S.K.: 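I have a structure here, written as structure tokens, and I will follow up with some questions on it.
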Number of protein chains: 2
Amino acid sequence: MKRGGNNVASQDHPLGYLLRQLELYCDLPPEDRQLVLELPHRLRRLDAASYLVREGDKPTNCMVLASGYAFRQKVTGKGSRQILAVCIPGDAVDLQNMFLDVSDHSVQLLTQARVADVPREALQKLVLSRPAIGTAIIQLTLVEASILREWVVNVGRRDARERIAHILCEFAVRLESRGLTGDQGFELPMTQEQLADATGLTSVHVNRVLKGLEADGLISRKRRHIHYDNWRALQDAGDFSRRYLHISDHDTLAQSY
Amino acid sequence: MKRGGNNVASQDHPLGYLLRQLELYCDLPPEDRQLVLELPHRLRRLDAASYLVREGDKPTNCMVLASGYAFRQKVTGKGSRQILAVCIPGDAVDLQNMFLDVSDHSVQLLTQARVADVPREALQKLVLSRPAIGTAIIQLTLVEASILREWVVNVGRRDARERIAHILCEFAVRLESRGLTGDQGFELPMTQEQLADATGLTSVHVNRVLKGLEADGLISRKRRHIHYDNWRALQDAGDFSRRYLHISDHDTLAQSY
DNA sequence: CGTTTAATTGAAAGCAGTCAAACTATGTGG
DNA sequence: CCACATAGTTTGACTGCTTTCAATTAAACG
């Protein structure tokens, strides 16, 4: 059940990760794979904290993260920020904007990144004319929605410890599914304040919870690196089940811990 | 800029509301309109509290609410419930399941309802073969995702009063956009406990907040009926802006209050 | 009408927030 | 190479919004 054949492209081609992500959910015929890789695009290198999209924008491109991390966010009237999603390499940053005219949230880089700008129309056309690509993009969109639902649950019905443990598990599995993790751990590209904005907490409390998880032997930390000392217990602490990520088992090794 | 021509169908045909909803975001050519209305479907009448979908199901139909209300929900390991969305008449209940094989959440009826079951494949085929319909369905999906993002903000970064005011505003505008509201108010088809599960609060506190909003002259209530006494103030109290609903202004009258 | 479900109210407890300060790491320029 | 600046982490004390628990009232239902 390997998805071989395009792994080479993943590493070099700016859209390789995108292709790989599309094929996570359904196989593409060879000619569709070609069409994806041949999408017109312009590659930019951007600094950390750059905005890719601002709420209210009328975007003309669909951006793909060739490398680096980003997050979606919204700011309330009182000025507090809520992070809505974390984008990892290969993510198409604004499928949203491909079919809606005004962006309803902002996207900001977490790290320095390479971003491929694909003209909106080119991707649109592919989605509407190639059933396999259309299916794959729709599935991507639906999985993003599923993750959003889980975030609503996380923020609405879990306590601080559960929220943090849950989001750590989510990262672990998502990164793993794209081969971006190290040995039983990963580089968390966020400050504790950003983690707080993603979980509806304050940075002070995130700090306390992280120390608690560490004290209980679930994780250990060095700088921004998270190591799971007890993956099973971390999942339990976070009420985490991978089902909502819709990643088939053979796409990741995480369950072997 | 009227979307006339299919208003008659909306009232009678089980899929009329769906068609109307599709056309909210982009116009369909007449033959596509025909194809939507000619979708094979079976109509069922179900009691309140019936499940339309259960988490883990592998559904074969896409259900459309011809009448009645429903909500999406997930239950945590500790047994608390989070409501993720409220479906109103005309909503396609599981676009999710149309392109994903396993449902990641449950859908339960709020009221007695008429539900049209459309075979998954029939709708899929239409989406992938008719660009206008594909575009409309994708837009619908994206708007749902946008609403989810706003819910994350609501639950993550707003206090109890703001959350309740916000969700009331959202109902008002969504119902209005489908012509389901009365005079400066609407029938809220939820108990206070369900409202609590939608906002990440407890029913006790929802009650206190509702009474607070009433005491401050923002709303008045009779049974489940909500009347906005001061629409402007209610929006302010809820930090509400309709942008995330992606409803064009001429599709609703709400802003005239 | 009795029974069940939902709404309401009060008192007490607790989780997380706020405020403030100290500490650490990283980076810069002299 | 060190002093200084900046950004992020850590810690403590106190406050407060919401929850919890419990009891009462009101509405819906057979």
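The sequence lines fix the lettering, A, B, ..., with proteins before strands; numbering per chain opens at 1. Everything quoted here is computed from the prediction, not taken from an experiment.
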S.K.: Mind checking if Arg163(A) touches a base, just sugar-phosphate, or nothing, with heavy atoms under 4.0 Å?
M.R.: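 Touches nothing.
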S.K.: Contact class for Arg224(B) (heavy atom, under 4.0 Å): base, sugar-phosphate, or nothing?
M.R.: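 Here Arg224(B) touches the backbone only, sparing every base.
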S.K.: Arg72(A) and side chain to side chain donor-acceptor pair (under 3.5 Å): which single residue from Gln82(A), Glu55(A), His105(A) fits?
M.R.: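 Among the candidates, only His105(A) passes.
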S.K.: Between dT26(C) and Arg223(A), is there an OP1 or OP2 to side-chain N/O distance shorter than 4.0 Å?
M.R.: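 It does, given that an N or O in the side chain of Arg223(A) lies less than 4.0 Å from OP1 or OP2 of dT26(C).
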S.K.: On the six-membered ring of Tyr17(B), is Arg20(B) placed so that its NZ or CZ lies under 6.0 angstrom from the centre and within 45° of the ring axis?
M.R.: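 Ring-cation test returns no.
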S.K.: Report the relative orientation of the aromatic rings in Phe240(A) and His166(A); use parallel for angles under 30°, tilted for 30 to 60°, perpendicular for over 60°.
M.R.: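 Ring orientation, 0 to 90° scale: perpendicular.
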S.K.: Within this structure, what is the NE2-to-P distance between His225(A) and dA25(C), rounded to whole angstrom?
M.R.: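 In whole Å, dA25(C) P lies 18 Å from His225(A) NE2.
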S.K.: How is Leu201(B) classified with respect to the nucleic acid when contacts are heavy atoms under 4.0 Å: base, sugar-phosphate, or nothing?
M.R.: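 Sugar-phosphate only.
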S.K.: Just how far, in rounded Å, is P of dC21(D) from CZ of Arg208(B)?
M.R.: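 Interatomic distance, CZ of Arg208(B) to P of dC21(D): 14 Å.
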S.K.: Using atom CG of Asn207(A) as one end and atom P of dA16(C) as the other, report the distance to the nearest whole Å.
M.R.: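 Answer to the nearest Å: 15 Å.
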S.K.: Does Arg221(B) place a side-chain N or O at less than 4.0 Å from the phosphate oxygens OP1/OP2 of dA27(D)?
M.R.: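 Checking dA27(D) against Arg221(B), no side-chain N or O comes under 4.0 Å of OP1 or OP2.
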S.K.: Which whole-number value in Å describes the distance from His205(A) NE2 to dA13(D) P?
M.R.: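 About 17 Å, once rounded to whole Å.
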